[in-house]
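Accompanying notes for the structure given below.
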There are 2 protein chains.
Amino acid sequence: MTQKNRMTPKAHFAEKLRLAGLRPTRQRVAIAALLLDGRHRHVTADSLTEEITTAGLHVSGGTVYNTLNQFTEAGLLRRVMVHNDYSLFDTNTDHHHHFYEAENDQLVDIPHDDVILAQLPAAPDGHEIKAVDVVIHIQSKNS
Amino acid sequence: MTQKNRMTPKAHFAEKLRLAGLRPTRQRVAIAALLLDGRHRHVTADSLTEEITTAGLHVSGGTVYNTLNQFTEAGLLRRVMVHNDYSLFDTNTDHHHHFYEAENDQLVDIPHDDVILAQLPAAPDGHEIKAVDVVIHIQSKNS
DNA sequence: ATCTAGTTTAAAATCATTCTAAAGAGCCTT
DNA sequence: AAGGCTCTTTAGAATGATTTTAAACTAGAT
Ligand SMILES: [Mn+2]
Ligand SMILES: [Mn+2]
Ligand SMILES: [Zn+2]
Ligand SMILES: [Zn+2]
């Protein structure tokens, strides 16, 4: 078992943040405890703020945005692009793709192996591929 | 050759709009003439407004947005999702994918055949696949 | 020419996100 | 344990793309 089982949860997430190059402030540790617990899900600044409130905490709006951006920059979260209305963050940073149902703005993970890219184009000269995002747009069958 | 060569360009685009179920107003025809001439490119509300101005015309901001949305809804344009900053519209509605270089917000088409999805997952129960979007994020090699 | 539903317009409103500048908190050094 | 430096947080203002509004206009039918 990993070392995390010897620490209090707070210390565990503080350590995780330090490793990511982020100073473990009270707010960041609280958000890390909510988002980086291993569960795979998709959150928005709004839904995260709700979670924080439900947990009996308070973090200013600016800090929620800053933290989501910093976690993403640090590779602790992943931003998913499916529309222009607001940002979606994925707690699953492993390589995987998504189903997106615009009808009710629902995003669902596709297991890694269920999409196979048999052939990829070469990146344009002087460039390299950083990530490949596949979004499969779906709709309910009865139109 | 198609029938379009027998009409004045204006009539040609008016007809195209009628077929798409859109009343061919002066503004829509002007925008159609700029965007639906067969060239494949990516535009924003802003870049389109510039083009309109350069052409010596004027269309209100609201109408530029409405028209882009209506054209997209009608299948004359395609919206491409690569970031949350503003909408990108593609004059190429054929099935194709994109390279995206975040560094300088540059979007480049990938020829249809250069990405092959060998295996697609089944859509969730009661749903069908409407579109598959692949975005390959790239960056210049010297980081 | 007249009518009517659909469209355009300038301006205001919306709203997610970023910025500001002042107060607070990690953390390193004494 | 205290001091100090830098990074963070905060509430609130600002930003900016997009939508909405309500009045003026027009395509197309009669
Ligand atoms: Mn918006
Ligand atoms: Mn914005
Ligand atoms: Zn996911
Ligand atoms: Zn394209």
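Labels below follow one simple rule: chain letters A, B, ... track the order of the sequence lines, proteins then strands, and each chain is numbered from 1. Side chains are part of it too, since the values below use all heavy atoms of this structure and drop only hydrogens, waters and symmetry mates.
- Residue contacts for A:Thr25: at a heavy-atom cut-off of 4.0 Å it reaches the sugar-phosphate backbone alone, with no base atom in range.
- Contact between the side-chain N/O atoms of B:Asn69 and the OP1/OP2 oxygens of D:dT18 is not found at any separation under 4.0 Å.
- Residue B:Arg23 places its side chain closer to C:dA5 than to any other of C:dA5, C:dT8, D:dT10.
- In this entry the distance linking CG of A:Leu17 with P of C:dA25 reads 18 Å, nearest Å.
- Contact check, A:Tyr65 against C:dT18: no side-chain N or O comes under 4.0 Å of OP1 or OP2.
- A close approach under 4.0 Å does not occur between any side-chain nitrogen or oxygen of A:Ser87 and OP1 or OP2 of C:dA16.
- Between B:Gln70 and C:dT7 there is no side-chain N or O to OP1 or OP2 distance below 4.0 Å.
- Counting heavy atoms of neighbouring residues, nucleotides and ligands inside a 6.0 Å radius, atom CG of B:Asp125 does not exceed 12 of them.
- Among the protein residues, A:Tyr86 comes within range of the sugar-phosphate backbone only, with heavy atoms under 4.0 Å from sugar or phosphate atoms but none that close to a base.
- A:Asp133 has no carboxylate O lying under 4.0 Å from a charged side-chain N of A:Arg79, or vice versa, which leaves the two without a salt bridge.
- Summarising the geometry, the separation between CG on B:Asp85 and C1' on C:dT17 is reported as 10 Å, rounded to the nearest angstrom.
- Checking the phosphate oxygens (OP1, OP2) of D:dT10, a side-chain nitrogen or oxygen of A:Gln27 falls inside 4.0 Å.
- Checking C:dT7, D:dG28, C:dG26 against the side-chain heavy atoms of B:Pro24 singles out D:dG28 as nearest.
- Taking atom CZ of B:Arg18 as the reference point, atom C1' of D:dA29 lies 13 Å away to the nearest angstrom.
- As rounded to whole Å, 11 Å separates atom C1' of C:dT8 from atom CD1 of B:Ile31.
- With contacts defined as side-chain heavy-atom distances shorter than 4.5 Å, the pair A:Val43/A:Leu88 does not qualify.
- Taking the ring centroids of A:His98 and A:His42, they lie under the 6.0 Å cut-off.
- Checking D:dT18, C:dT9, D:dT9 against the side-chain heavy atoms of A:Ser60 singles out D:dT9 as nearest.
- For A:Thr67 and B:Leu88, each mapped to the nucleotide of DNA chain D holding its nearest heavy atom, the one lying further toward the 5' end belongs to A:Thr67.
- Nucleotide D:dA27 holds its P atom 15 Å from the CG atom of B:Leu22, rounded to whole Å.
- As rounded to whole Å, 6 Å separates atom P of C:dA25 from atom CZ of A:Arg26.
- Salt bridge absent: B:Glu101 and A:Lys130 never bring a charged side-chain N and a carboxylate O closer than 4.0 Å.
- Across D:dA11, D:dT9, C:dT17, the shortest atom-to-atom separation from the side chain of A:His58 is found for D:dA11.
- When the side-chain nitrogen and oxygen atoms of B:His83 are compared with OP1 and OP2 of C:dT17, none of them lie within a distance under 4.0 Å.
- The 5' end of DNA chain C is approached more closely, in terms of each residue's nearest nucleotide, by B:Val64 than by the other of A:Asp46 and B:Val64.
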